[in-house]
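When a residue number appears, it is its place in the shown sequence, counting from 1.
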Amino acid sequence: MMAAGTAARNGKRVLLLEKNAQLGEKLKITGGGRCNITNYELDDRKLLTHFGDSQPALFSPFSQFSVKDTFTFFEKRKLPLDIQARNRVFPKTQRAYDVFVVMKDFIKKEGVNVQLKSPVIQINTQAGRISSIDTKTLRYTADSYIVATGGVSYPETGSTGDGFQWLKNLGHSVHQPSPDVVPLRSNDKWVQRISGTKLSFMKITFFCDYKKEFSETGKLLFTHFGLSSPLILNASRKVAKLLKKGYVHAEVDLFPDTDVGSLDKKVLRILDKNKNKDLKNTLYEITEKKLAEVIFDMLRLNDPHAKVHSLSAEDRKRLVTILKKIPITIDGLMGLDRAVLTDGGVTLDEVDTRTMQSKKIENLFLTGDMLHINRPSGGYSLQLCWTTGYVAGMHA
Ligand SMILES: Cc1cc2nc3c(=O)[nH]c(=O)nc-3n(C[C@H](O)[C@H](O)[C@H](O)COP(=O)(O)OP(=O)(O)OC[C@H]3O[C@@H](n4cnc5c(N)ncnc54)[C@H](O)[C@@H]3O)c2cc1C
């Protein structure tokens, strides 16, 4: 949409072919329906450090359409933006749908001809150029072609990797897509049992073959398949590497700011206050209800109605240890269907990023998730879409 609207704004006659009955199906579900539209870092040098090896190739496109331009683009179209924690930017309305409406109105105003329910099935070439493209019923010809078919995550939104196959056929190298920014899978029964439980502040440490590897601090969400939250998504690339090496488990510290001694005192105070009550109920005062039940089970006290006063000093020490180190087996990553991003796409070396033009096919331009560019979650992906879409639209 950004590429089509930009080209049309520059006086080109533009046809946008969309496979779905509606445009922007993925855009509408971004950021849990809130759309993390960009990341507020106005210094390109700092911003681009988040794009790994692709950094040098991205200076030129970002000099043409930067984070500041994203703000101007949306705010000029009456969608004020709001900067939140970790520089993540959302529409003030907190609705991804409103971002979609801006894009839809943009292409309409610029006169883009949109054909819905029109999957492209083939790209035809002649003498090293694209000569035409086919849908089921029609053949279209144009001077330039922009492929913006996205990656392969959440295929129900329409991105099923069609573009990757076409580009391979056209001689491009396509890095095999694999899930990248993706939740973690745990088959531990208790994790599934407490699905929906959120921890607003904890520390998670990952181990490979019982050797400590790295820690992250922040929010955690237990799901019916394992663990999620922005922190987990961003850790998934490192965890994927550990999973290739050996057995991976994690330990969750529910009180990262409290050392064992202080936590023991805190627990003792709570237990003293509730001496004659059921231990299980008292644990609700220490942590979230469903998790407290799991912790109670982990204590293996044999009596489901054990009273607080029956807890030995040793049991209390075990309780404190569990609160600081809840063990979770990490069995893998979730698949492409649940990945926010896929690590894959057309090798950036084969694209002139000053124009987003293919170096192999002269009248072909590429944008967004088609490109193999690693980045974390936090608004960086959509910013790449706005930037590469604008540049492709300007030069196509
Ligand atoms: C659940 C989820 C949440 C996300 N949240 C965020 C976020 O908050 N912030 C962020 O920066 N990034 C987020 N992302 C990533 C972001 O959505 C993508 O980077 C972005 O949508 C990619 O845009 P694109 O235009 O390249 O491809 P897509 O958005 O995938 O669009 C591709 C379009 O091409 C169409 N198409 C495919 N094949 C054909 C064909 N053969 N013929 C015609 N049309 C075709 C599809 O139907 C689709 O409309 C999220 C991703 C997911 C899955």
Inset, instruction - Show your working on side-chain hydrogen bond (donor to acceptor under 3.5 Å, both in side chains) between Thr72 and Asp69 and close with a plain yes or no. - result: CA-CA 5 Å; Thr72 309; Asp69 294 314; 5.0 Å; no
Inset, instruction - Any chance you could lay out the side-chain contact (heavy atoms from CB on, under 4.5 Å) test for Asp134 and Val120, step after step, and finish with the verdict? - result: CA-CA 6 Å; Asp134 296 335; Val120 173; over 6 Å; no
Inset, instruction - Using the side-chain contact (heavy atoms from CB on, under 4.5 Å) rule, take Leu301 and Phe296 through it: C-alpha gap first, then chi angles, then the decisive distance, then the call. - result: CA-CA 8 Å; Leu301 294 174; Phe296 180 80; 4.1 Å; yes
Inset, instruction - Dump the intermediate steps for side-chain contact (heavy atoms from CB on, under 4.5 Å) on Met103 and Ile107, then the final yes or no. - result: CA-CA 6 Å; Met103 296 314 292; Ile107 55 174; over 6 Å; no
Legend entry - Worked check of side-chain contact (heavy atoms from CB on, under 4.5 Å) between Glu288 and Tyr284: CA-CA 6 Å; Glu288 211 281 337; Tyr284 299 162; over 6 Å; no
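Side chains of Gln383 and Thr70: a donor-acceptor N/O pair is present below 3.5 angstrom, by distance only. Residues Thr49 and Gln55 have side chains that never bring a donor and an acceptor to within less than 3.5 angstrom of each other. A donor atom on one side chain and an acceptor atom on the other are found under 3.5 Å apart for Asp343 and His372. Between the side chains of Thr160 and Asp162, at least one donor-acceptor pair of N or O atoms lies under 3.5 Å. Donor-acceptor pairing under 3.5 Å is lacking for the side chains of Thr258 and Lys266. Of the N and O atoms on the side chains of Thr388 and Thr367, not one donor lies less than 3.5 Å from an acceptor on the other residue. Side-chain polar atoms of Gln84 and Asp82 form a donor-acceptor pair below 3.5 angstrom. For the residue pair Arg139 and Gln122, no side-chain donor N or O sits within less than 3.5 Å of a side-chain acceptor on the partner. In the model, Ser153 has a side-chain atom that pairs as donor or acceptor with a side-chain atom of Lys26 under 3.5 Å. With no hydrogens or angles considered, no side-chain donor-acceptor pair links Asn124 and Ser131 at under 3.5 Å.
Of the residues Thr321, Leu323, Val320, the one that meets the side-chain contact (heavy atoms from CB on, under 4.5 Å) test with Val260 is Val320. When Thr38, Asp98, Leu79, Val89 are each tested for a side-chain contact (heavy atoms from CB on, under 4.5 Å) with Phe74, only one passes: Leu79.
Judged by the 6.0 Å and 45° rule, Arg338 forms a cation-pi pair with Tyr154. Note that Arg375 lies outside the cation-pi zone of Tyr380, set by a 6.0 Å cut-off to the ring centre and a 45° limit from the axis. A cation-pi arrangement is found for Lys238 relative to Phe214, the charged atom lying closer than 6.0 Å to the ring centre and inside a 45° cone about the ring normal.
Atom CG in Leu16 sits 9.5 Å away from atom CD in Gln115 (nearest 0.5 Å). Summarising the geometry, atom OG1 belonging to Thr287 is positioned 9.0 Å from atom CG belonging to Leu283; distances are rounded to the nearest 0.5 Å. Rounding to the nearest 0.5 angstrom, the gap separating the CD atom in Gln357 from the CD1 atom in Ile146 is 11.0 Å.
Salt bridge present: Asp352 and Arg354 bring a charged side-chain N and a carboxylate O closer than 4.0 Å. A salt bridge is defined here as a Lys NZ or Arg NE, NH1 or NH2 lying under 4.0 Å from an Asp or Glu carboxylate O, and Asp253 with Lys325 fails to meet this definition. A salt bridge links Glu25 to Lys28: one of the charged nitrogens lies within less than 4.0 Å of a carboxylate oxygen. Checked for salt-bridge contact, Arg129 and Glu362 meet the test: a charged N lies under 4.0 Å from a carboxylate O. A salt bridge links Arg318 with Asp315: at least one charged nitrogen is closer than 4.0 Å to a carboxylate oxygen. A salt bridge does not link Asp105 to Arg77: none of the charged side-chain nitrogens sits closer than 4.0 Å to a carboxylate oxygen.
Taking the six-membered ring where the residue is Trp, the centroids of Phe106 and Phe73 are separated by under 6.0 Å. In this structure, Trp386 has its ring center no closer than 6.0 Å to that of Phe62. Aromatic ring centres of Tyr210 and Phe207: separated by at least 6.0 Å. Aromatic ring centres of Phe164 and His172 lie farther apart than the 6.0 Å criterion allows. Taking the centre of each ring, Tyr40 and Phe71 come in below the 6.0 Å mark.
Hydrophobic clustering places Ile330 together with Met202 (ILVMFWY residues linked when any side-chain heavy atoms are closer than 4.5 Å, directly or through intermediates). Residues Leu371 and Phe59 fall within the same hydrophobic cluster, defined by Ile, Leu, Val, Met, Phe, Trp and Tyr side chains chained together at heavy-atom separations under 4.5 Å.
More than 12 heavy atoms of other shown residues, nucleotides or ligands fall within 6.0 angstrom of atom CG in Asp259. The 12-atom threshold is not exceeded at CG of Asp143, counting heavy atoms of other residues, nucleotides or ligands nearer than 6.0 Å. The number of heavy-atom neighbours closer than 6.0 Å to NZ of Lys12, taken from other residues, nucleotides and ligands shown, is 12 or below.
For the pair Leu199/Phe222, a side-chain contact is recorded, criterion being any heavy-atom separation below 4.5 Å from C-beta on. When side chains are defined from C-beta on, Gln64 counts as touching Ser60, because their heavy atoms get closer than 4.5 Å.
Listed by chain and residue number, nothing satisfies the side-chain hydrogen bond (donor to acceptor under 3.5 Å, both in side chains) test with Ser229 (two or more places apart in sequence, or in another chain).
Listed for the Thr197 side chain is a donor-acceptor partner under 3.5 Å among the backbone atoms of Ile194.
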